[in-house]
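First comes the structure, then the notes that go with it.
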Amino acid sequence: VLVCNQRERRPEKRVTGELMVDAGFLTREKLDEALQFAQKYKIPIGRTLVSMRQLSEEDLQRVLHARMLMLDGALPASVVIRALKSASRQNASVEQTLRSMGWKKEDTAEQKQLERLLKASEDLVRLEKTLTPDHTDVGLKCVELADLYAGANNSREAEVLLGRALRIFRDNLGSLDAITATTLVNLADIFMRQGKFGEAETHLLEALVICENEFGRASQPTAEVVKQLGKLKSGSLDFSAALDYYRRALAIGEKNCGSDLTPLSGLYELEGDCLSHLKDTKTAIESYKKAQSLREKTTISAGNPQLTGLENKIGLRFLETGDSLSAKRHFERAVELTEKAVGSVHPSLAFALLNLAEANVALKDNLQAGQHYRRAVIVIEQISGPVHEDTARVLEQYLGFLNKCGLAEEASKIDKRIKEIRAIATARSTSVQLKPVTKKER
């Protein structure tokens with residue numbers, strides 16, 4: 001699986017088949033025959049083997065459970081295959097067999113997520129059996145399962161399921177249906193996560209045509225697809241094109257927003273991000289302030305993290321223009337809001353304190369700057385510990401400040417501490433050199 005993923009192949013059907021061969025459910029010749037059949041008729045390999053009477057429904061459930069455990073890395077493949085063999089012989093579930101082997105549910109970090117995946121997978125198999133593999137309801141269940149895989153950061157599985165759902169919807173509902181458009185957008189999002197911007201753009205442009213035809217050029221569904229195109233262009237660093245898409249989405253949103261101003265706030269912030277990358281700092285500040293104004297109207301708590309992020313962005317833009325006093329005011333508010341939102345021990349607070357210290361340096365208020373740097377160090381130490389790379393990075397910023405101020409003695413102590421942290425990290429990461437093992441010892 002690892003090699004296939006590294007080479008950007010799609011191993012899903014092959015993995016399921018190999019798992020069944022290794023567990024002794026069928027021969028390799030039967031696997032090759034089933035794979036050809038599955039590819040020809042575009043149905044899952046498991047369902048193909050059931051229809052060929054090479055696999056029972058019960059064993060199909062066991063194989064799917066085992067495959068999920070293996071692909072998600074919950075357990076080593078060798079353990080999963082051993083449990084699958086034993087489960088089939090004893091007519092038990094894979095989970096029961098694993099428990100008899102000493103495995104506990106708590107041994108997997110994401111057990112609840114895994115259970116949801118398993119249930120959705122079992123529901124999909126039941127639907128395939130009750131209806132047909134190409135039924136619209138099967139497509140909808142594929143979308144649901146893909147969403148769970150996407151939440152588990154398994155983009156490969158999500159891509160395969162959404163691709164299958166898209167084919168089902170096109171066959172049953174046609175290429176201009178709203179459900180087809182939504183699936184195209186979801187699949188584009190998975191492609192973007194994997195850096196496949198070309199495939200993502202193709203799917204989004206197709207979804208845009210559907211939404212424009214079905215709902216109109218000035219509709220909210222059209223605006224959502226346009227916004228996704230903006231995100232795609234930002235991800236591929238084409239900020240000019242991204243800005244055009246965001247502005248088009250904004251024009252639609254301003255007409256249709258009604259009482260809900262939250263989507264508009266997000267679009268103004270995205271517009272500001274693009275303008276920042278394009279070095280149009282003044283206009284970026286204006287966009288951020290529009291986003292801030294709307295967010296303050298719609299945010300229940302003054303300590304909302306989304307507000308603190310905007311304060312930091314505005315402060316950084318003011319710092320770029322040389323207006324250090326305005327920058328300081330926004331950074332002070334960011335510190336205040338961050339503490340309300342996440343408490344006094346959080347990376348966001350350390351980040352805001354470093355920004356505030358930088359503004360004070362620009363204003364030549366070294367006393368205040370030193371206090372903020374030291375507090376940022378204390379915060380990051382409480383989070384990451386005194387001997388950690390994050391702590392070393394914050395200390396490096398403090399060291400730069402001390403050198404600028406000519407505080408050589410304090411700078412020497414901090415420099416020594418940074419070197420100690422890095423030395424410990426290097427010692428920890430150094431691999432142990434093992435002596436060669438002789439044939440006799442083997």
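Because the structure is predicted, anything quoted here is derived from the model rather than measured.
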Requested in this report: Answer yes or no: is there a side-chain heavy-atom contact under 4.5 Å between I421 and L395?
Outcome: yes
Report task. Taking only Lys NZ, Arg NE, NH1 and NH2, and the carboxylate oxygens of Asp or Glu, determine whether E311 and K340 approach each other closer than 4.0 Å. Result -> no
Requested in this report: Salt-bridge test for R422 and E389: reply yes if a basic N is under 4.0 Å from a carboxylate O, no otherwise.
Outcome: yes
Query raised in the report: Is any side-chain heavy atom of L117 less than 4.5 Å from a side-chain heavy atom of L145?
Result: yes
Query raised in the report: Which pairs count as ring-ring contact (aromatic ring centres under 6.0 Å, His included) when at least one residue sits in residues 214-254, sequence neighbours excluded?
Result: F239-H277
Requested in this report: Mark yes when over 12 heavy atoms from residues, nucleotides or ligands other than R217 sit less than 6.0 Å from its CZ; otherwise mark no.
Outcome: no
Query - salt bridge (Lys or Arg N to Asp or Glu O under 4.0 Å) between E254 and K290, worked out - result: CA-CA 13 Å; E254 285 168 348; K290 286 177 185 175; over 6 Å; no
Requested in this report: Answer yes or no: is there an ion pair linking E122 with K119, defined by an N-O contact shorter than 4.0 Å?
Outcome: no
Report task. Considering non-hydrogen atoms only, spot the tightest contact between I252 and S219 and give its length. Result -> CG2-O, 3.4 Å
Query - Side-chain touch K233/E201, heavy atoms, less than 4.5 angstrom - result: yes
Query raised in the report: Are the charged groups of R375 and E339 less than 4.0 angstrom apart, N to O?
Result: yes
Query raised in the report: Under 4.0 Å between a Lys/Arg side-chain N and an Asp/Glu carboxylate O for R248 and D244?
Result: no
Query - Non-neighbouring partners of E332 that pass side-chain contact (heavy atoms from CB on, under 4.5 Å), sequence neighbours left out - result: K328, L356
Query raised in the report: What heavy-atom pair brings L55 and D59 nearest, and what distance separates the two atoms?
Result: CD1-CB, 3.7 Å
Report task. Under the ring-ring contact (aromatic ring centres under 6.0 Å, His included) rule, collect the residues that match up with H330, sequence neighbours excluded. Result -> F318
Report summary line: Value for CG (L184) from CZ (F169), rounded to nearest 0.5 Å, stands at 10.5 Å
Query raised in the report: Charged N to carboxylate O under 4.0 angstrom, R193 versus D189?
Result: yes
Requested in this report: Please report the shortest heavy-atom distance between L275 and A284, naming the atom on each side.
Outcome: CB-CB, 3.7 Å
**Report entry** Contact summary for L187 and E159, nearest pair of heavy atoms
**Finding:** CD1-O, 3.8 Å
Query - Main-chain N/O of K289 paired to S293 side chain as donor or acceptor, under 3.5 Å - result: no
Requested in this report: Indicate yes or no: at least one non-hydrogen side-chain atom of F331 is less than 4.5 angstrom from one of L316.
Outcome: yes
Query raised in the report: Okay, side chain of T222, backbone of A218: is any donor-acceptor separation there less than 3.5 Å?
Result: no
Requested in this report: Would you please say whether a donor-acceptor pair under 3.5 Å links the side chains of Q194 and S155?
Outcome: no
Query - Between CG on residue L161 and CD1 on residue I190, distance to nearest 0.5 Å - result: 10.0 Å
Query raised in the report: Under 4.5 Å between any side-chain heavy atoms of L127 and H135, yes or no?
Result: no
**Report entry** Check: A334 main-chain N/O paired with T338 side-chain donor or acceptor under 3.5 Å
**Finding:** yes
Report task. Quick one: do S348 and T308 satisfy side chain to side chain contact (heavy atoms under 4.5 Å, CB included)? Show the steps, please. Result -> CA-CA 9 Å; S348 297; T308 66; 5.9 Å; no
Requested in this report: May I ask you to test the R295-E269 pair for a side-chain heavy-atom distance under 4.5 Å?
Outcome: yes
Query raised in the report: Under the 3.5 angstrom rule, does the side chain of S234 hit a backbone N or O of C274 as a donor-acceptor pair?
Result: no
Report summary line: Closest heavy-atom pair, T132 versus V138, reported as atoms and distance to 0.1 Å, is O-CG2, 3.2 Å
**Report entry** D147 side-chain N/O to V143 backbone N/O, donor-acceptor pair under 3.5 Å
**Finding:** no
**Report entry** V387 backbone acceptor or donor facing T391 side chain under 3.5 Å
**Finding:** no
Query raised in the report: If you measure from CD on Q397 to CG on L354, what distance do you get to the nearest 0.5 Å?
Result: 4.5 Å
Query raised in the report: Should E144 and K141 count as an ion pair when the cut-off is N to O under 4.0 Å?
Result: yes
Requested in this report: May I have the step-by-step check of side chain to side chain contact (heavy atoms under 4.5 Å, CB included) for L353 and V379, ending in yes or no?
Outcome: CA-CA 10 Å; L353 285 164; V379 170; 4.2 Å; yes
Requested in this report: Measure the shortest side-chain to side-chain distance between L162 and H203 over non-hydrogen atoms and say whether it is less than 4.5 angstrom.
Outcome: no
Query raised in the report: Quick check: does any side chain N or O of Y373 sit under 3.5 Å from a backbone N or O of V394, one acting as donor and the other as acceptor?
Result: no
Query raised in the report: So how far is it from I314 CD1 to L319 CG, rounded to the nearest 0.5 Å?
Result: 13.5 Å
Query raised in the report: Once you round to the nearest 0.5 Å, how far does CD of Q228 lie from CG of L208?
Result: 12.0 Å
Query raised in the report: Side chains of T321 and K282: does their closest heavy-atom pair fall under 4.5 Å?
Result: no
Query raised in the report: Can you name the closest pair of heavy atoms from E271 and L243 and give their distance?
Result: CG-CD1, 3.6 Å
**Report entry** Nearest-0.5 Å distance, NZ of residue K231 to CG of residue L229
**Finding:** 11.5 Å
